[in-house]
Amino acid sequence: MEPTGGPYFVGKKDELIEAKRTFKTLEGRDILIIYHQNDFYAIDSYCYHAGTTLQNGDIEEFDGKMCIVCPNHKYKICLAQGEGIYKAKDPREMPSVFRWYSKGVKQRTHTVTENNGDVYVKLSEQRGFIESDFYQGEKGKMEREKAAAAEKKKNK
């Protein structure tokens with residue numbers, strides 16, 4: 001699903017700063033706009049792993065990168081590039097110590113610009129499949145419902 005245009009007006013800077021997180025649908029794509037520490041970010045609204053909404057995820061710094069933490073399974077997603085990161089040990093190292101590793105780009109990110117107090121989002125033009133694409137659109141809505149049902153069943 002190729003974006004057709006943009007940038008799209010998503011709100012007044014002051015209102016978005018006050019809200020801190022704003023949900024918008026642009027060209028059928030659900031986007032989360034985040035204001036954190038004087039920066040705006042725009043990412044796909046649903047976690048690439050199991051489709052959980054990221055709206056209430058904590059924002060923390062890991063390995064020098066600002067990340068949103070999925071509230072369901074605690075996956076860490078870098079706000080700037082959508083990179084998935086995790087902490088692990090390499091058993092081949094002696095002594096083996098925990099360090100941060102990248103899973104690569106997992107969450108689609110979008111460009112945010114501001115002009116005279118108006119904030120705009122331009123949808124990503126990055127080609128190819130990024131895992132968060134799976135939970136977008138009508139098909140994605142069905143997949144999110146299936147994932148939520150499976151999670152509910154698992155937690156009974």
Side-chain angles (χ1 to χ4, degrees), residues 1-3 6 8 10-11 15-91 96-113 119-156:
M1 134 169 111
E2 291 272 326
Y8 295 97
V10 293
E15 294 168 358
L16 293 173
I17 288 172
E18 188 178 330
K20 292 189 177 29
R21 298 175 193 202
T22 305
F23 177 90
K24 294 284 182 184
T25 301
L26 305 174
E27 294 185 28
R29 189 168 205 96
D30 294 336
I31 305 296
L32 182 60
I33 300 138
I34 298 168
Y35 180 79
H36 186 75
Q37 294 184 349
N38 299 318
D39 286 316
F40 282 104
Y41 303 92
I43 62 172
D44 281 357
S45 187
Y46 309 109
C47 180
Y48 71 90
H49 170 245
T52 301
T53 183
L54 294 171
Q55 182 100 22
N56 298 317
D58 291 335
I59 297 177
E60 299 179 41
E61 187 176 325
F62 299 101
D63 200 28
K65 299 171 184 174
M66 271 308 154
C67 299
I68 192 161
V69 180
C70 177
N72 198 6
H73 298 109
K74 309 303 178 210
Y75 277 58
K76 292 153 188 65
I77 302 162
C78 298
L79 292 172
Q81 283 87 27
E83 174 187 25
I85 63 171
Y86 65 101
K87 201 170 196 179
K89 287 183 177 183
D90 183 343
S96 187
V97 295
F98 279 103
R99 65 184 54 183
W100 289 100
Y101 294 93
S102 174
K103 298 177 184 179
V105 173
K106 300 291 188 177
Q107 195 80 16
R108 193 173 289 276
T109 60
H110 310 280
T111 305
V112 182
T113 55
V119 178
Y120 299 86
V121 170
K122 181 164 179 47
L123 293 176
S124 168
E125 294 178 338
Q126 187 172 342
R127 297 194 182 278
F129 180 78
I130 295 176
E131 288 182 46
S132 66
D133 294 345
F134 186 74
Y135 292 105
Q136 290 291 333
E138 282 304 310
K139 185 178 184 306
K141 182 179 178 185
M142 290 186 295
E143 295 298 338
R144 290 192 311 273
E145 289 169 359
K146 278 197 265 182
E151 188 72 22
K152 194 174 181 180
K153 187 176 180 182
K154 184 177 95 176
N155 291 331
K156 277 192 172 183

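For the numbers below, each heavy atom of this structure counts, side chains included, while hydrogens, waters and symmetry mates do not.
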What do the steps show when you test Phe40 against Thr113 for side chain to side chain contact (heavy atoms under 4.5 Å, CB included), and what is the final call? CA-CA 8 Å; Phe40 282 104; Thr113 55; over 6 Å; no
Just so I know, are the side chains of Val121 and Arg29 near enough to count as touching, which here means a heavy-atom distance under 4.5 Å? no
Hey, what do you get for CZ (Phe134) to OH (Tyr46), rounding to the nearest 0.5 Å? 14.0 Å
Could you tell me the separation between the NE2 atom of His73 and the OG1 atom of Thr52, rounded to the nearest 0.5 Å? 6.0 Å
Can you name the closest pair of heavy atoms from Val10 and Lys24 and give their distance? O-CE, 3.0 Å
May I ask you to decide if His36's main-chain N or O and Asp39's side chain share a donor-acceptor pair within less than 3.5 Å? no
When you compare the side chain of Trp100 with that of Ile85, does any pair of heavy atoms fall below 4.5 Å? yes
Closest heavy-atom pair and its distance - Glu83, Lys65: OE1-NZ, 2.9 Å
In this structure, OH of Tyr41 is separated from CG of Leu32 (nearest 0.5 Å) by 13.0 Å
Does Lys103 NZ have over 12 foreign heavy atoms under 6.0 Å away? yes
Is any side-chain heavy atom of Lys146 closer than 4.5 Å to one of Glu143? yes
Side-chain donor-acceptor contact under 3.5 Å, Tyr135 with Asp44: no
Heavy-atom closest contact (Ala147 atom, Ala50 atom, distance): CB-O, 3.3 Å
Basic-acidic side-chain contact under 4.0 Å: Lys141, Glu138: no
Once rounded to the nearest 0.5 Å, what's the spacing between atom CZ of Arg144 and atom OG1 of Thr53? 8.5 Å
Would you give the length of the straight line joining atom OG of Ser124 to atom CD of Gln107, rounded to the nearest 0.5 angstrom? 11.5 Å
Can you list everything that forms a salt bridge (Lys or Arg N to Asp or Glu O under 4.0 Å) with Lys76? Sequence neighbours excluded, please. none
Closest heavy-atom pair, Leu79 versus Thr109, reported as atoms and distance to 0.1 Å, is O-CG2, 3.7 Å
Taking atom CG of Leu123 and atom CD1 of Ile31, what is their separation to the nearest 0.5 Å? 5.5 Å
I need the minimum non-hydrogen distance between Ser132 and Tyr48, along with the two atoms involved. N-CB, 3.7 Å
Ignoring hydrogens and angles, write down the donor-acceptor pairs under 3.5 Å from the side chains of residues 54-63, residues two or more places apart or on other chains.
none

Report yes if the side chains of Gln136 and Arg108 come closer than 4.5 Å at any heavy-atom pair, otherwise no. no
